[in-house]
Amino acid sequence: MTIVVRVDAQLHSALVDADRRKTLEQTTRWDPGEAESRLFSAWLEGGYFHPPAEGTAAENYSIAIPPPNVTGELHMGHALNGAIQDALIRINRMRGRNTLWVLGTDHAGIATQAVVERELRKQGTSRHKLGRNAFVERVWEWRQKYGSRIVEQYQRLGASCDYERERFTLDDGYHRAVIEVFVALHEKGLIYRDNYMVNWDPGSRSAISELEVESREVTDVLYEIDYPVEGSDEVITVATVRPETMLADTAVAVSPDDDRHRRLVGRHCILPLVGRRLEIIADPHVDPEFGSGALKVTPGHAIEDFEIGRRHGLEEVTVIGEDGRMNAAAGERFDGLTVDEAREAVVAALREEGRIRGEQKLTHAVPYSHRSGERIEPLISLQWFCRMDELAAPAIDVVERDEVRIVPDNYKRVYLEWMRNIRPWCISRQLWWGHRLPVWYCDACEETYVTAEPPERCGACDGPLRQDPDVLDTWFSSALWPFATLGWPDRDAPLLSAFYPTDVLLTARDILFLWVARMVMMGIEFVGEIPFDDVYVHSVIQAPDGRRMSKSLGTGIDPLEEVERYGADALRFGLLAMSSTQDVRYSSAKVQQGRDLANKVWNASRLVLLNVGEVEPAPSPARVEDRWILSRLQRAIEAVGGGIDRYDFAHAALDLYSFFWSELCDWYLEIVKPRLYDGEREAAATLLWVLEQTLALAHPLIPFVTEEVYDYLRDAAPGDRPEMLVVHPYPEVDETLIDPEAEAEIERSIELTRSLRRWRDLVGVPPRSLLPVRIVAAEPPHELVSRLARLDLDGSSDETLATIGPVEIVGSAEVDPDQARRRIAERREALHAEVARAEGKLSNEGFVAKAPQDVVDAEREKLDRYRAELEELG
RNA sequence: GGGCGCGUAGCUCAGUGGGAGAGCGCUCGCUUCACACGCGAGAGGUCGCUGGUUCGAAACCAGCCGCGCCCACCA
């Protein structure tokens with residue numbers, strides 16, 4: 001029996017500062033609240049997050065953060081995205097690479113303008129009352145006041161961004177980049193102005209791009225309307241869910257393959273209410289199976305109809321204005337009505353004329369504005385577009401060749417599919433907040449200037465110039481993010497040569513096209529190099545019930561409240577542990593697991609630091625258990641560090657947890673405690689070494705608690721080491737410390753201990769009492785077995801109750817013989833089943849002949865073992 | 001309509017060709033001097049269904065059922 005001799009720890013530890021020792025002794029719970037802000041400030045002051053602009057991009061490591069909206073609040077998606085990036089940034093910084101995490105925010109045109117406009121409304125004013133300059137001024141003020149809140153929120157997470165180089169997609173340098181790109185693409189002929197069908201968002205009163213449109217399932221009434229055919233009693237019936245648009249009809253189309261209508265092609269019908277003559281045309285777009293097989297063509301108000309119209313040279317009539325109301329072209333009866341009012345009025349009018357043949361419900365996909373949530377109104381308008389095919393070609397190449405590697409690779413196909421079918425991008429927005437187009441018009445002679453620096457007056461007629469009022473789509477500037485933040489358009493910018501291309505881009509899948517694809521195109525076009533080597537597409541975090549996390553649904557969970565409750569380490573750990581490439585439901589259980597781990601790290605470290613003497617941490621494998629833990633540590637280094645490198649964060653986090661908790665705490669600490677209390681130097685050296693390595697290993701995932709403990713470890717252990725863990729070398733696998741024999745031996749001892757504990761528990765031996773046993777093997781089991789299973793090796797009774805491996809349990813007063821017999825019977829039954837299973841397998845000729853030799857051997861070994869144990873049990 | 005993904009313990013999820021795993025929850029027992037955010041032990045699963053491939057399938061293939069997402073111009 002081992003007797004634990006407890007020497008007063010104070011004599012041993014090198015932790016000399018009495019106050020700090022006291023803190024360590026008395027703080028039995030890790031309290032993140034105070035420590036996190038203090039540690040974060042220390043990192044900032046140490047300048048660890050602010051790398052010099054030195055070296056090459058190949059040597060250095062960099063990530064550009066997906067810039068959150070200035071209006072934004074940190075949500076779970078940001079928190080996961082940030083936890084992942086910080087893990088990568090920290091592991092690479094610890095590996096000694098010059099590491100930059102570019103931070104910044106996005107001006108988010110529509111969203112920000114909407115927020116400030118809402119505020120103005122509350123104050124009883126509006127942007128129109130203020131005027132453009134004053135309004136833009138107000139938005140800047142707003143941004144100054146509230147805009148950087150999200151940056152502070154990233155700090156709460158522990159994100160090690162370079163806060164001294166924060167950028168904004170509307171700052172001066174960035175603006176220069178945007179203007180240069182616009183002018184260059186215009187000169188190349190890729191940017192042009194055109195009258196074209198756009199997705200008009202009545203909510204923001206602006207055109208938006210197709211990617212900002214989301215479709216929703218809506219049930220509408222499908223009206224069937226009779227249009228009389230000119231010069232006959234016949235009618236041709238068309239179907240529509242938007243009867244009000246009939247006022248802008250300029251043709252009726254049928255399928256060229258439709259026998260029913262063929263004879264009408266080329267004739268005309270009369271548009272009810274309006275009286276316009278509409279030609280009946282044949283167009284392959286029309287599905288003869290749908291409705292009556294005839295389609296009313298409204299080139300002014302439907303995308304498909306617009307295309308049919310262009311094919312046939314139809315007139316384009318516009319009856320709905322940009323304000324979402326009917327205009328004069330709709331006729332006196334309808335002018336000024338909202339679209340909904342007009343629909344009712346038109347239906348009523350048609351009904352009166354007996355033109356409505358039928359109505360039925362129709363559920364179909366309808367476009368809505370992603371931002372304002374209003375139904376999209378397709379309108380023809382004069383906008384600026386960017387032709388994408390030419391830019392897309394090289395961006396397709398680099399992904400096909402895996403120069404830009406998209407992980408997981410099923411998104412590679414999605415990306416390529418989209419890029420190969422890319423359409424022109426409508427880049428102008430009718431907003432005030434954003435990059436104003438570098439375009440000037442001369443109203444006198446219709447001259448247009450596209451340039452960064454316009455002349456004072458028109459060069460042709462000396463007339464005054466007027467700048468285009470529109471601003472650019474927010475994503476136009478976001479597309480330049482990886483290089484515009486590094487100093488471009490200054491080609492010699494030191495940051496650019498040190499950190500471009502960046503190493504990886506982390507994102508959820510929702511902005512793959514909106515943002516990622518466009519960065520690839522712009523990076524190649526303007527810097528001549530891809531913007532990042534890897535794109536890792538991570539989870540979307542859903543609410544615990546599987547719905548979207550959203551404020552308006554009331555399903556959102558505030559990451560900062562979780563930080564408040566459990567600590568930043570806990571939230572980071574939890575998010576990483578639940579992350580994958582799939583959508584995952586948020587689980588606060590995982591966050592609690594993270595909190596528990598942080599607490600465990602703190603307490604296990606207290607045990608070590610308060611009980612080691614003044615020894616230098618070093619692997620000193622005096623005994624098999626030391627060789628075991630050192631070997632297991634190497635496996636953990638592979639699993640955790642390798643996991644982060646492979647973007648497999650969930651396994652990295654959970655493998656760290658199980659190494660730390662199960663192997664280091666549950667077993668190794670329990671095994672070495674007596675040696676530690678005895679003041680054995682080898683044990684202390686190994687323990688300190690393992691602790692230091694493990695702190696470093698865990699730091700990218702749970703930076704705060706590890707940094708705090710490291711600070712105590714620096715005090716306690718002699719030797720030169722970095723001031724802070726944030727720049728401590730990251731552990732690398734040391735092959736010479738991998739020791740399969742030691743692993744197997746301790747593994748056996750652990751199994752044996754478990755068997756004996758199980759026996760004790762099921763047979764009713766009280767936890768406190770020792771179990772009398774005899775050792776029946778030549779080699780006695782490891783000391784840990786008798787101590788941790790609480791055995792009395794001097795068992796003297798003659799009666800043997802059971803044999804468990806090399807241990808024979810002998811009779812004693814505390815063992816209930818009935819329970820013991822039942823246990824043995826159960827065990828025997830289990831063994832019989834195992835033997836039968838193994839025998840069955842081995843008597844299968846196919847198995848023996850075709851299965852790999854080592855599988856067959858392993859099966860034989862198992863069978864032997866089961867038979868032997870069965871024999872022991874009698 | 002096209003594409004992608006998911007269905008494994010009560011819950012959230014790992015596991016992708018050789019005896020079903022984790023965390024939480026649950027049951028029993030422990031104030032064992034690092035930690036009750038703890039320690040020890042335990043119960044709980046025809047791995048959605050049906051076929052197929054294989055000596056062997058939770059995993060590979062096909063079909064079906066259920067759920068989710070993305071893309072798409074049937075009004």
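Order of the sequence lines sets the chain letters (A, B, ...), proteins ahead of strands, with each chain counted from 1.
Comparing the same atom, C1', in B:rC64 and in B:rG7 gives a spacing of 14 Å after rounding to whole Å. The same atom, P, is picked in B:rU8 and in B:rU46; the two are 12 Å apart, to the nearest Å. Distance noted for atom C1' between B:rA59 and B:rA20: 12 Å (whole Å). Comparing the same atom, C1', in B:rA22 and in B:rG29 gives a spacing of 23 Å after rounding to whole Å. Taking atom C1' on both nucleotides, B:rC26 is separated from B:rG44 by 9 Å, rounded to a whole Å. Comparing B:rC11 with B:rC47, their P atoms sit 16 Å apart, to the nearest whole Å. Taking atom P on both nucleotides, B:rU12 is separated from B:rG48 by 15 Å, rounded to a whole Å. Nucleotides B:rG45 and B:rC37 have their C1' atoms positioned 29 Å apart, rounded to a whole Å.
The side-chain tip of A:R355 does not point at the ring of A:Y227 from less than 6.0 angstrom away and within 45° of straight on.
Shown here are the ring-ring contact (aromatic ring centres under 6.0 Å, His included) partners of A:F290, two or more places apart in sequence or in another chain: there are none. Checked against side-chain contact (heavy atoms from CB on, under 4.5 Å), A:V366 has the following partners two or more places apart in sequence or in another chain: A:V218, A:D220, A:H364, A:Y368, A:R375. Residues passing the ring-ring contact (aromatic ring centres under 6.0 Å, His included) test with A:Y586: none are found, sequence neighbours excluded.
With hydrogens and angles left out, the side-chain atoms of A:Q853 and A:D857 include a donor and acceptor closer than 3.5 Å. Neither side chain, A:E224 nor A:T237, offers a donor N or O lying under 3.5 Å from an acceptor on the other. For the residue pair A:S843/A:K841, the side-chain donor-acceptor check at 3.5 Å is not satisfied. Side-chain contact of A:S579 with A:S539: a donor-acceptor pair under 3.5 Å is absent, judged by distance alone. For A:E663 and A:Y668, the side-chain atoms include no donor-acceptor pair closer than 3.5 Å.
Of the candidate nucleotides B:rG5, B:rG18, B:rC35, B:rC35 has the atom lying nearest to any side-chain atom of A:K600. Side-chain proximity of A:Q582 to the nucleotides B:rG18, B:rG5, B:rC35 is greatest for B:rG5. Counting only heavy atoms from C-beta on, A:L607 has its side chain closest to B:rA34 among B:rA34, B:rC39, B:rC13.
Ring pair A:F306/A:Y196: centre-to-centre distance below 6.0 Å.
Remark: B:rC39 base-pairs with B:rG29. Criterion, Watson-Crick or G-U wobble with two distances under 3.5 Å. Nucleotide B:rU46 forms a pair with no other nucleotide shown, judged by Watson-Crick or G-U wobble geometry with both contacts under 3.5 Å. Across all strands shown, B:rU53 forms no Watson-Crick or G-U wobble pair with both distances under 3.5 Å. Nucleotide B:rA20 forms no Watson-Crick or G-U wobble pair with any nucleotide shown, as no partner meets the under 3.5 Å limit on both distances. The base-pairing partner of B:rC74, taking Watson-Crick or G-U wobble contacts with both distances under 3.5 Å, does not exist among the strands shown. With a 3.5 Å ceiling on both atom-pair distances, the Watson-Crick or G-U wobble partner of B:rC4 is B:rG68.
OP1 or OP2 of B:rC39 lies within a sub-4.0 Å distance of a side-chain N or O belonging to A:W661. The side chain of A:K841 contributes no N or O atom lying less than 4.0 Å from OP1 or OP2 of B:rG18.
Nucleic acid contact class of A:R595 (heavy atoms, under 4.0 Å, all strands): base. Residue-level contact check: A:R754 touches the backbone only, with heavy atoms under 4.0 Å from sugar-phosphate atoms and none from bases. Across all strands shown, A:N421 has no heavy atoms under 4.0 Å from either base or sugar-phosphate atoms. Within 4.0 Å of A:R757, counting heavy atoms only, lie sugar-phosphate atoms of the nucleic acid but no base atom. A:W759 comes within contact range of no nucleotide atom at all, as no heavy-atom separation falls under 4.0 Å. Residue-level contact check: A:E224 touches neither bases nor backbone, having no heavy atom under 4.0 Å from any strand.
Remark: A:R260 CZ is packed, more than 12 non-hydrogen atoms of other residues, nucleotides or ligands lying under 6.0 Å away.
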All N/O contacts under 3.5 Å from nucleotides 51-55 of chain B to the protein, with atom names and distances to one decimal?
unit_1	atom_1	unit_2	atom_2	d
B:rC55	OP1	A:K850	NZ	2.1
B:rC55	O2'	A:N844	ND2	2.7

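In this structure, the side chain of A:S255 engages the main chain of A:D257 through a donor-acceptor pair within 3.5 Å.
Taking atom CZ on A:R585 and atom C1' on B:rA14, their separation rounds to 16 Å, with Å as the unit. Atom pair A:K862:NZ and B:rG18:P shows a separation of 11 Å (rounding to whole Å applied). A straight line from CD of A:E826 to P of B:rA41 spans 17 Å, rounded to a whole angstrom. Rounded to a whole Å, the CG atom of A:L416 is 14 Å from the P atom of B:rC4. Between A:I541 atom CD1 and B:rC13 atom C1' there is a gap of 12 Å when expressed in whole angstrom units. Atom P of nucleotide B:rU12 and atom CZ of A:F573 are separated by 19 Å, given to the nearest angstrom. The CG atom of A:L669 sits 18 Å away from the P atom of B:rU32 (whole-angstrom rounding). Remark: P of B:rC35 and CD of A:E25 are 12 Å apart, rounded to the nearest angstrom.
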When you check every protein heavy atom under 4.0 Å of nucleotides 23-31 of chain B, what one-letter string (B, S, -) results, 5' to 3'? S-----S--
Contact state string [nucleotides 68-75 of chain B, B base, S sugar-phosphate only, - no protein heavy atom under 4.0 Å]: -S---BBB
In sequence, state the C-alpha distance, the side-chain angles, and the governing distance for A:K361 and A:T363, and then conclude on side-chain hydrogen bond (donor to acceptor under 3.5 Å, both in side chains). CA-CA 7 Å; A:K361 293 243 159 83; A:T363 302; over 6 Å; no
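Under the 4.0 Å criterion applied to side-chain N and carboxylate O atoms, A:D283 and A:R311 are assigned as salt-bridge partners.
Nearest heavy atom pair, residue A:A568 against residue A:V563, reads N-CG1, 3.9 Å.
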